[in-house]
Amino acid sequence: MPARMNSTRLHNKGPVLQLACVPVLILLLVFAATSYAQTTAHSPGWVVLPVEDYRSLHARAFPSERDPEPPPVEATLTRVDYDLRISGDLASGRATLTVDVLKDGWVRVSVPAGLLVREARLDGKLVSLVPVAGGKAGGQLSALLSHPGRSILLLDIALPVASSTAEESISLPATASGVTRASVQLSRQGVDIKLVGGLLSEKSESASESKWIAYGRGNEALTFTWRRKTEDHRTAQPLRLRGSLTQLLGLGEDSTSLNAEVNLEVTQGAAHEVKIQIPDKVTINQVLGAMVADWEMKGGQLSITFLEPVEQRARFVITGETRCPREGPMDIPLLRLLDAERETGGVAVEVLGAGEIRDVKSEGLESADATDLGEMVASRQSQSLTAFRFRSGAAKLARSLNVDVARYTPQAVLMANVEEARYQVLISSEGKILVQARYAIRNNQRNFLKITLPPGATLWSATLAGKAVRPGQSPDGSLLLPLDKARSGEEVPAFPVEVVFLARGTAWNDKGQFKLALPALDLPISRTGLLVYHPPLFKVTPEQGAFRVEAYANPTSAALNPPISFNGSVGAFSTGVGGVPQPAPPPAPSLVVDGKDEPNAKRAQSAAQLVLDKFRADAIAGRRAGILPIRVTFPAFGPSLYLVSELTVENQAPVANLTYQHEKKAGGK
């Protein structure tokens, strides 16, 4: 206790008591207690505290260190080592118990149950074993230890050997130790050992005994079971085997691939190797299998050596190649399994590339389904595949297969493709965007072209090969334009599809960024050209992205090249701002050319009036009138930029990012 305490003041609405020294305070408290017992009146300026309150205040002012927690267990059985020798019906030896005591004082350590203990020693001294408190007589025993630390408890033990039909065994009890090791010696040789509850790490035999070393799991009994080793004369018996050989040949234009799967079944003896007859001009590239050690090709025979003699089953795969004629009649090379009592399986032939098997001649084979020959053949997706099964009979039954192959000239099969897309875009400073999209399409299968316009866009017109069309609408709001379809086998010409729509964006300030979104098509686009007309008072710079700046060039597709038809007339291209070609406005239609054409002009005027009357009638009735069959001339005005990109995937909307800045006039502020 320190000589002096920190100053502590006790307030009681009166004078203050200052504690200076602990011994003085104790004397004062004793004196105050005595005075309190003698008189009920206290001297002024003093406060009387009971001894318990003082101790509580002192403990709070000077807290003591926390007492260490007791160990979770009193003692642990760390390791158990057995060293046993089996002689007759008894296994005797020593059990070494490594014990770690964690508690001061006496602790109880349990000895593994079921052991017959003849003697127990601790640090070379005899120690007594006592039964567990409350246990039955002859139950589990325990050793009493008094010193903390590691101790070695040696037990001289004995175990009975259990006998059954042609087998003997001993069982070491389960313990709570982390490591269990057992060394067992048997005064006999020529035995087979089986272990349950652990792992056999070492097995050795000498002239008169066998020795085993095993490790157990600790919480599970470790059981050794042995029996006399029986002589196996299987390897000395004549070899008898059966086999299944399934081969697949792929007839290519340059070479023929060969794959074979072999399954062996040994019914007598043991197979050290197996031989397969290989036809001439067949080259074996590889033999794979879990039991295959090596293989050799010699004299038309493939010899396959195994890692160890096969007594039951084995499987391996053979891959090779050969050369067969490209087309016409040809003999198929067949593999044969030699020295087999019975051979099953089959052969499958497929044509790789454009071709088919027209005629088949076989001997010793039966027509079969591809699924009957296993996974190797059933998994093939070839359109021209023929499968056969070996005919049952003698193993040396003659087999042959001749097929007639017809080859075809491969033709490119085109479904649909946009070989070129051209966009003309007019942007105003108020953010309005007018887009003319033209597509050169080749198609021989698709019925419709799906076009998804940017959000908020309004379609003005749509044409197919120069004729106005009325597009449909898909459930997701996209446009469906009908397409022309060419017949299969014919050369597919390209035809143009055009749509014009209006979109609204944000107004342009002094400077900023502008995102130009184009329609998304459900067909891939090979090449895209984008011609952007922007307000003259702004400087526009494209950002790096899918598009890049190039000098203007006419469309490469003939379907998009000028001249372009405007309502039956041909319009020429003129030079616009910046030297970029622009379509000239179409000439005004003439209703009356001369007296001879007057009837035709009247009929055209009447047809136009009928269309206009129908549109008005549908509008008054509240029916949707649809898109009028008219052509909108694109107003090319202002400075322009030409951008290009390649390979736009289907259902992806091309986007061009632009940066603009207002250019002030000379002399302006």
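Keep in mind that the numbers below use all heavy atoms, side chains included, and drop hydrogens, waters and symmetry copies. Count residues from 1 along the sequence.
- Other residues, nucleotides and ligands contribute at most 12 non-hydrogen atoms within 6.0 Å of the CD atom of Q544.
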Quick one: do K450 and D476 satisfy salt bridge (charged side-chain N to carboxylate O under 4.0 Å, His left out)? Show the steps, please.
CA-CA 11 Å; K450 181 179 178 182; D476 59 355; 2.9 Å; yes
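- Between L241 and T267, the shortest heavy-atom distance links the atoms N-OG1, 4.2 Å.
- At least one donor-acceptor pair under 3.5 Å links the side chain of Q268 to the backbone N or O of P238.
- Between S110 and L77 the shortest heavy-atom distance is O-CD2, 4.5 Å.
- Between W212 and W226, the ring planes are tilted. Angles from 30° to 60° get that label.
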Report the C-alpha distance between I193 and K203 in whole Å, list the side-chain angles of each, state the deciding distance to 0.1 Å, and finish with yes or no for side chain to side chain contact (heavy atoms under 4.5 Å, CB included).
CA-CA 9 Å; I193 180 68; K203 176 183 177 182; 3.9 Å; yes
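- Here the rule is side chain to side chain donor-acceptor pair (under 3.5 Å) with E209, and of R85, Q189, R188 only R85 fits it.
- Listed for the S201 side chain is a donor-acceptor partner under 3.5 Å among the backbone atoms of I213.
- Under a 3.5 Å cut-off, the side chain of T76 and the backbone N or O of T78 do not form any donor-acceptor pair.
- Atom OG1 of T648 is separated from atom CG of L518 by 9.0 Å, given to the nearest 0.5 angstrom.
- Proximity of L115 to L159: side-chain heavy atoms (C-beta onward) are separated by under 4.5 Å at one or more points.
- In terms of heavy atoms, L337 sits closest to G243 at CD2-CA, 3.5 Å.
- Here CG of L222 is found 12.0 Å from CZ of R181. Values are rounded to the nearest 0.5 Å.
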Does the side chain to side chain contact (heavy atoms under 4.5 Å, CB included) test come out yes or no for R227 and E168, once each step is laid out?
CA-CA 6 Å; R227 62 184 303 170; E168 295 178 309; over 6 Å; no
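- E220 contributes atom CD, which lies 11.0 Å from atom OG1 of T180 (distance to the nearest 0.5 angstrom).
- Taking CG of L302 as the reference point, atom CD of Q277 lies at 11.5 Å (rounded to 0.5 Å).
- Between A348 and L373 the shortest heavy-atom distance is CB-CD1, 4.3 Å.
- For the pair L521/N651, no side-chain contact is recorded, criterion being any heavy-atom separation below 4.5 Å from C-beta on.
- Two residues are said to be in side-chain contact when any heavy atoms from C-beta on lie closer than 4.5 Å; T319 and Q286 meet this criterion.
- The local environment of CZ in R60 is sparse, with at most 12 non-hydrogen atoms from other residues, nucleotides or ligands closer than 6.0 Å.
- The pair K275-D339 fails the salt-bridge criterion, with no side-chain N (NZ, NE, NH1 or NH2) lying under 4.0 Å from an Asp/Glu carboxylate O.
- By the 4.5 Å heavy-atom criterion applied to side chains, L84 and I86 are not counted as neighbours.
- Side-chain contact between K125 and L122: absent, with no pair of heavy atoms (C-beta onward) separated by less than 4.5 Å.
- Judged by distance alone, with hydrogens and angles left aside, the side-chain atoms of S379 form a donor-acceptor pair with the main-chain N or O of E375 at under 3.5 Å.
- Counting non-hydrogen atoms of other residues, nucleotides and ligands closer than 6.0 Å to NZ of K515 gives a total of 12 or fewer.
- A distance of 6.0 Å separates CG in L352 from OG in S257, rounded to the nearest 0.5 Å.
- A 4.5 Å side-chain heavy-atom check between Y82 and L172 finds at least one atom pair inside the cut-off.
- Side-chain contact of E261 with T246: a donor-acceptor pair under 3.5 Å is absent, judged by distance alone.
- Shown here is R548, whose CZ atom has more than 12 heavy atoms of other residues, nucleotides or ligands within 6.0 Å.
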Identify each donor-acceptor pair in which a side-chain atom of residues 146-158 lies under 3.5 Å from a protein atom, sequence neighbours left out, and give them as a table.
residue: R150; atom: NE; partner: D100; partner atom: OD1; Å: 2.8
residue: R150; atom: NH2; partner: D100; partner atom: OD2; Å: 3.0

Could you walk me through whether N259 and V317 satisfy the side chain to side chain contact (heavy atoms under 4.5 Å, CB included) test, starting with their C-alpha distance in whole Å, then the side-chain angles of each, then the deciding distance to 0.1 Å, before giving a yes or no?
CA-CA 7 Å; N259 295 274; V317 177; 5.5 Å; no
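- Counting heavy atoms from C-beta outward, V655 and N657 have side chains that approach closer than 4.5 Å.
- In terms of heavy-atom proximity, S169 sits nearest to T225 at CB-OG1, 3.6 Å.
- In this structure, R121 places its CZ atom where more than 12 heavy-atom neighbours from other residues, nucleotides or ligands lie under 6.0 Å away.
- Ion pairing between E343 and R336 holds under the 4.0 Å rule for side-chain N and carboxylate O.
- When I318, T305, I284 are each tested for a side chain to side chain contact (heavy atoms under 4.5 Å, CB included) with W295, only one passes: I284.
- For R79, the CZ atom sits in a packed shell: over 12 heavy atoms of surrounding residues, nucleotides or ligands are nearer than 6.0 Å.
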Kindly determine whether F390 and T344 satisfy side chain to side chain contact (heavy atoms under 4.5 Å, CB included), including the steps that lead there.
CA-CA 6 Å; F390 294 157; T344 59; 5.7 Å; no
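- Between K194 and D192 there is no salt bridge, since no side-chain N of the basic residue sits under 4.0 Å from a carboxylate O of the acidic one.
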With side chain to side chain donor-acceptor pair (under 3.5 Å) as the criterion, how do T659 and E543 come out once you've worked through the C-alpha distance, each side chain's angles and the decisive distance to 0.1 Å?
CA-CA 7 Å; T659 301; E543 296 183 357; 2.8 Å; yes
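- Across P173 and P112, no two heavy atoms sit closer than the pair CG-CB, 3.9 Å.
- Between R108 and V130 the shortest side-chain heavy-atom distance falls below 4.5 Å.
- Atom CD of residue Q185 and atom NZ of residue K211 lie 5.5 Å apart, to the nearest 0.5 angstrom.
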